[in-house]
2 protein chains.
Amino acid sequence: MLTNSRAAYHDHNHQRCIDAALDRARDLCSQQGARLTPLREAVLHLIWTSHRPLGAYAIADLLPAATGRKALAPTVYRSIEFLLDQGLIHRVASLNAYIGCPFPGSRHSELIMICRACGTAAELSADSVDSALSDVTRRAGFFMETQNIELLGLCPGCRGEGGPS
Amino acid sequence: MLTNSRAAYHDHNHQRCIDAALDRARDLCSQQGARLTPLREAVLHLIWTSHRPLGAYAIADLLPAATGRKALAPTVYRSIEFLLDQGLIHRVASLNAYIGCPFPGSRHSELIMICRACGTAAELSADSVDSALSDVTRRAGFFMETQNIELLGLCPGCRGEGGPS
DNA sequence: GGCAAAAACAGTATAATGTAACAAAATGGG
DNA sequence: CCCATTTTGTTACATTATACTGTTTTTGCC
């Protein structure tokens, strides 16, 4: 089981998350011959500002302060498309928002846990889920190619505050 | 394992799907004291026209022919909200579209298989997936409340036509 | 049936998200 | 340096969804 829930849901030095994500992104892009331009890196950086999914227009609003250049929707969406293609971010369909992938490059199925109280999202990859899904879909005659699993609930912190034990 | 993939992905008498869905809807609503008005029933009927998720504006376009009255976005969305609340339909977030729930009322986790070739969607519920998800999320300290699982791939029919074996 | 309260519906306007199309600028290889 | 390619800027617009106001319909109660 691979997850970034420890970091996402607990106090941590978030700067290390950011640094690690940007380092991995630079490495992966240079390996792939993909160009992580300043704009794309700035968008990735903004998405990694927190562990909460960020919308495209929020990115557009934040970019000027981060880069000094204003950015309109198509520019932002192009960067998002690039980052999605490289597997550096994920789209959270139920929120129309985007979140940094904590383990890009490694072959993994994405499963996103979203706290309905604080909005924090963590990613998790587990063979047990993969095999259960492969098994049942195969039995249904369906050839599964990609998964989009978004789970809503309460993170450890918000569960304690008046939530269920 | 509970699924409507047999019907959705193979030749079948679809009128029976529609009739069964509407019957179940009427039963459930009368049990719940919810009012399945003509408009709401018409929207549900339209969504059940096929096993392909249908968008809200497509519903709005189709309603006049189906009911004789024109319907604007807010009207459609209100009916959709009602049907979602009753568990009679599901929202497919990755498509911004809505699909009829083949087994409403029964407590089940929803898992939607979407064929990327023909757009047909089937629903599946399996304890093995539920328990795998419960297990891994619990280990991550996350209290899962609702699931949104959308799987993209190829249905039995489209897999045969030039797709993978 | 008549009436008050609640629910459902209609309509206008607008917000939020996303894309098409084309122009301008930057990049990198000859 | 020059050209082809890629990236970014800009305008316009498409799609999805909601806030809000007022009207109609339904419901429960007498």
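Labels below follow one simple rule: chain letters A, B, ... track the order of the sequence lines, proteins then strands, and each chain is numbered from 1.
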Does A:D23 come within less than 4.0 Å of A:R26, counting only side-chain N to carboxylate O?
-> yes
Determine, step by step, whether B:L133 and B:I149 satisfy the side chain to side chain contact (heavy atoms under 4.5 Å, CB included) criterion, reporting the C-alpha distance in whole Å, the side-chain angles of both residues, the deciding distance to 0.1 Å, and the verdict.
-> CA-CA 11 Å; B:L133 287 176; B:I149 307 180; 3.6 Å; yes
Should the pair A:R159 and B:F143 be classed as cation-pi, given the thresholds of under 6.0 Å to the six-membered ring centre and 45° from the axis?
-> no
Determine yes or no for a side-chain-to-main-chain donor-acceptor pair under 3.5 angstrom, with B:H14 supplying the side chain and B:W48 the backbone.
-> yes
Given C:dA10, C:dG18, D:dT18, the nucleotide with the shortest approach to the side chain of A:Y77 = C:dG18
Is B:R91 reaching over with its side chain to a backbone N or O of B:L84, donor-acceptor style, under 3.5 angstrom?
-> no
Reckon B:T75 has a side-chain N or O less than 4.0 Å from the OP1 or OP2 of C:dA10?
-> yes
Donor-acceptor contact present, side-chain A:R24 to main-chain A:L88, <3.5 Å | no
Note: contacts of residues 50-74 of chain B with DNA chain C (heavy atom, under 4.0 Å) are B:R69, B:K70, B:L72, B:P74
Sorted by number, residues from residues 88-101 of chain B placing a heavy atom under 4.0 Å from DNA chain D are B:R91, B:N96, B:Y98
Result of checking A:V92, A:L54, A:I80 against A:Y98 for side chain to side chain contact (heavy atoms under 4.5 Å, CB included) | A:I80
Rounding to a whole Å, what distance do you find between A:L83:CG and D:dT7:C1'?
-> 14 Å
So, A:T3 side chain and A:E123 main chain: donor-acceptor pair closer than 3.5 Å or not?
-> yes
Contacts to DNA chain D from residues 22-47 of chain A, heavy-atom cutoff under 4.0 Å, which residues?
-> A:R35, A:T37, A:L39, A:R40
May I have the step-by-step check of side chain to side chain contact (heavy atoms under 4.5 Å, CB included) for A:E41 and A:L36, ending in yes or no?
-> CA-CA 6 Å; A:E41 187 168 326; A:L36 188 64; 3.8 Å; yes
Short question: side chain of A:N148, backbone of B:E150 - any donor-acceptor pair under 3.5 Å?
-> no
Send over the distance from A:R78 CZ to C:dA23 P, rounded to a whole Å.
-> 14 Å
